[in-house]
There are 2 protein chains.
Amino acid sequence: MTEITNNRFEHLLDLHHLKKTGPRLKVLAMMSAKNTATSQPDLEGLMEDVDRVTLYRILNVFEEKGIIHKIFDLNGTANYAICTSNCQEHHHHDEHLHFNCTVCNKVYCLNDLSLPAFNLPPGFKAEGFTLYASGTCPQCNKK
Amino acid sequence: MTEITNNRFEHLLDLHHLKKTGPRLKVLAMMSAKNTATSQPDLEGLMEDVDRVTLYRILNVFEEKGIIHKIFDLNGTANYAICTSNCQEHHHHDEHLHFNCTVCNKVYCLNDLSLPAFNLPPGFKAEGFTLYASGTCPQCNKK
DNA sequence: ATCACAAATGCAACTATGATGCATTTAATT
DNA sequence: AATTAAATGCATCATAGTTGCATTTGTGAT
Ligand SMILES: [Mn+2]
Ligand SMILES: [Mn+2]
Ligand SMILES: [Zn+2]
Ligand SMILES: [Zn+2]
């Protein structure tokens, strides 16, 4: 991780009036080092020295602020990824495809894929969408 | 619940070589009595006299057999609904829209809504899809 | 630099969901 | 009615997530 990257995270915390602390920067570093979402259990393993409760609180506040978004995988496990759409406090719009590999269980945020339009039955008013797909990912297809 | 409905459930269990037991028929009765999915906690409440573990095992075997499918709501809580597409053992295709109301938290299976087509990035091979939408449901919009 | 204080962390305890092993009961078949 | 595999119940455990409270720390003002 570069200086610049680290500064970017510090700036991000500043923006949201959050104190720049070790645990928070580490969460951002861990998550941004991967091209897939990170599961809560994995994250807990990576944050060895940090208390479990602290991690939960960091994840909650990051989600509230629109820094990260939560995705439940096929097993119902919480996964987290940094938001690329410019989400706001209490107003996410991560309306991209989430691909869950049935082999390695990784969750991919396919941000570039635009969701096709569709209509809801009368009476329903939609605010947010997510398209989930499951199958095998490029890595697992190679082998 | 009518005789005929009850017979339908008994037939369903027969089809999948499952014994026709009280707890199983009750789960089917409870779930089919509603026009929305049923959360595990709600179901546990409704099945007062039945052991928690038995309920989990019933839900698991029903899902395996393709009798019901599982939907995680916005809070990560498991919800269950009877399959209307003719799903097979270990081969579901409940590829419809799941609408999660942010007010009452109900999960609606909008079976009739066909999913629009879309393409995946190269390397990904999809097997199943689900479109999730969140917002306010007809009931909650009236009030 | 020091101070003051709100914010963040750590620790203990607790709740809820879900799984597993094993003894007991029961549905289905003979 | 007897047999047996399947299903249930009970005890126990594991993991995810929450809450209250004491302690520490980042930050902004002196
Ligand atoms: Mn995403
Ligand atoms: Mn459904
Ligand atoms: Zn994979
Ligand atoms: Zn509603």
Side-chain angles (χ1 to χ4, degrees), chain A residues 6-7 9-30 37-65 67-80 89 105 107, chain B residues 6-7 9-30 37-65 67-80 89 105 107:
Chain A
N6 201 48
N7 283 339
F9 294 149
E10 299 201 358
H11 179 63
L12 191 61
L13 294 178
D14 266 342
L15 270 183
H16 294 281
H17 314 291
L18 296 173
K19 287 187 183 174
K20 288 165 268 186
T21 68
R24 284 176 176 167
L25 290 168
K26 190 169 181 183
V27 167
L28 293 173
M30 290 303 166
T38 313
S39 73
Q40 185 281 329
D42 282 2
L43 211 40
E44 195 170 314
L46 292 167
M47 303 287 295
E48 197 50 75
D49 44 334
V50 175
D51 192 82
R52 275 171 25 86
V53 178
T54 301
L55 176 56
Y56 280 110
R57 289 197 269 233
I58 290 174
L59 293 173
N60 285 338
V61 76
F62 280 6
E63 197 190 4
E64 267 175 35
K65 297 286 188 177
I67 298 174
I68 63 175
H69 60 284
K70 194 198 294 207
I71 313 112
F72 293 105
D73 68 18
L74 292 169
N75 308 310
T77 302
N79 282 247
Y80 295 91
E89 181 151 8
N105 201 47
V107 174
Chain B
N6 199 49
N7 283 340
F9 294 151
E10 298 201 359
H11 180 63
L12 191 61
L13 294 177
D14 264 341
L15 269 183
H16 291 97
H17 313 292
L18 296 173
K19 286 187 185 174
K20 290 165 264 185
T21 67
R24 285 179 176 165
L25 289 169
K26 191 169 180 184
V27 166
L28 293 173
M30 291 301 166
T38 313
S39 73
Q40 184 280 328
D42 281 3
L43 211 40
E44 196 170 313
L46 293 168
M47 303 285 297
E48 199 49 75
D49 44 334
V50 175
D51 192 81
R52 278 171 20 86
V53 178
T54 301
L55 176 56
Y56 280 111
R57 289 196 267 232
I58 289 174
L59 293 173
N60 285 338
V61 76
F62 279 7
E63 197 190 4
E64 268 175 34
K65 297 287 188 176
I67 297 174
I68 63 175
H69 61 283
K70 193 199 295 204
I71 312 111
F72 293 104
D73 68 19
L74 293 169
N75 308 311
T77 302
N79 284 249
Y80 295 90
E89 181 151 6
N105 202 46
V107 173

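For the numbers below, each heavy atom of this structure counts, side chains included, while hydrogens, waters and symmetry mates do not. Chain letters run A, B, ... following the sequence lines, proteins first, then strands; residues in each count from 1.
With Ile67(B) as the partner, the side-chain contact (heavy atoms from CB on, under 4.5 Å) test is satisfied by one option alone out of Arg24(B), His16(B), Glu89(B): His16(B).
In this structure, Leu18(B) and Phe62(B) have side chains that are in contact, with non-hydrogen atoms separated by less than 4.5 Å.
Checking the phosphate oxygens (OP1, OP2) of dA19(C), no side-chain nitrogen or oxygen of Tyr56(B) falls inside 4.0 Å. The side chain of Thr21(B) contributes no N or O atom lying less than 4.0 Å from OP1 or OP2 of dA27(C).
Here the P atom of nucleotide dA7(D) and the CG atom of Leu25(B) are 13 Å apart, to the nearest Å. Distance Asn60(B) CG to dA6(D) P: 17 Å, rounded to the nearest Å. Per the geometry, CG belonging to Asp51(A) stands 14 Å off C1' belonging to dC21(D), to the nearest Å. dA28(C) atom P lies 8 Å from atom CD of Glu10(B), rounded to whole Å. The CG-P distance, from Leu13(B) to dT26(C), rounds to 18 Å in whole Å. Put simply, CG on Asn75(B) is 15 Å from P on dA16(C), counting in whole angstrom units. Rounded to whole angstrom, the span from the CG atom of Asp49(A) across to the C1' atom of dT24(D) amounts to 16 Å. Rounding to whole angstrom units, CG of residue Leu18(B) and P of dA28(C) are separated by 10 Å.
Of the two residues near DNA chain C, Val53(A) and Ile58(A), the one whose nearest nucleotide lies more 5' is Ile58(A).
Put simply, the side chain of Asp51(A) gets close to the backbone of Val53(A): a donor and an acceptor are under 3.5 Å apart.
With hydrogens and angles ignored, no donor-acceptor pair under 3.5 angstrom links the side chain of Arg57(B) to the base of dG18(C). Not a single donor-acceptor pair, N or O on each side, falls under 3.5 Å between the base of dG10(C) and the side chain of Arg52(A).
In this structure, of dG26(D), dG9(D), dT17(C), it is dT17(C) that holds the atom nearest to the side chain of Gln40(B). Checking dG9(D), dA6(C), dA28(C) against every side-chain atom of Lys19(A), the shortest atom distance belongs to dA6(C).
When only modelled atom types and interatomic distance are considered, Tyr80(A) and Glu63(A) share no side-chain donor-acceptor pair under 3.5 Å.
Counting non-hydrogen atoms under 4.0 angstrom, Asp14(A) reaches nothing in the nucleic acid. In this structure, Glu44(A) reaches neither bases nor backbone, as no heavy-atom distance under 4.0 Å exists between it and the strands shown.
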Apply side-chain contact (heavy atoms from CB on, under 4.5 Å) to residues Leu28(A) and Leu13(A) and explain how you reach the verdict.
CA-CA 10 Å; Leu28(A) 293 173; Leu13(A) 294 178; 4.2 Å; yes
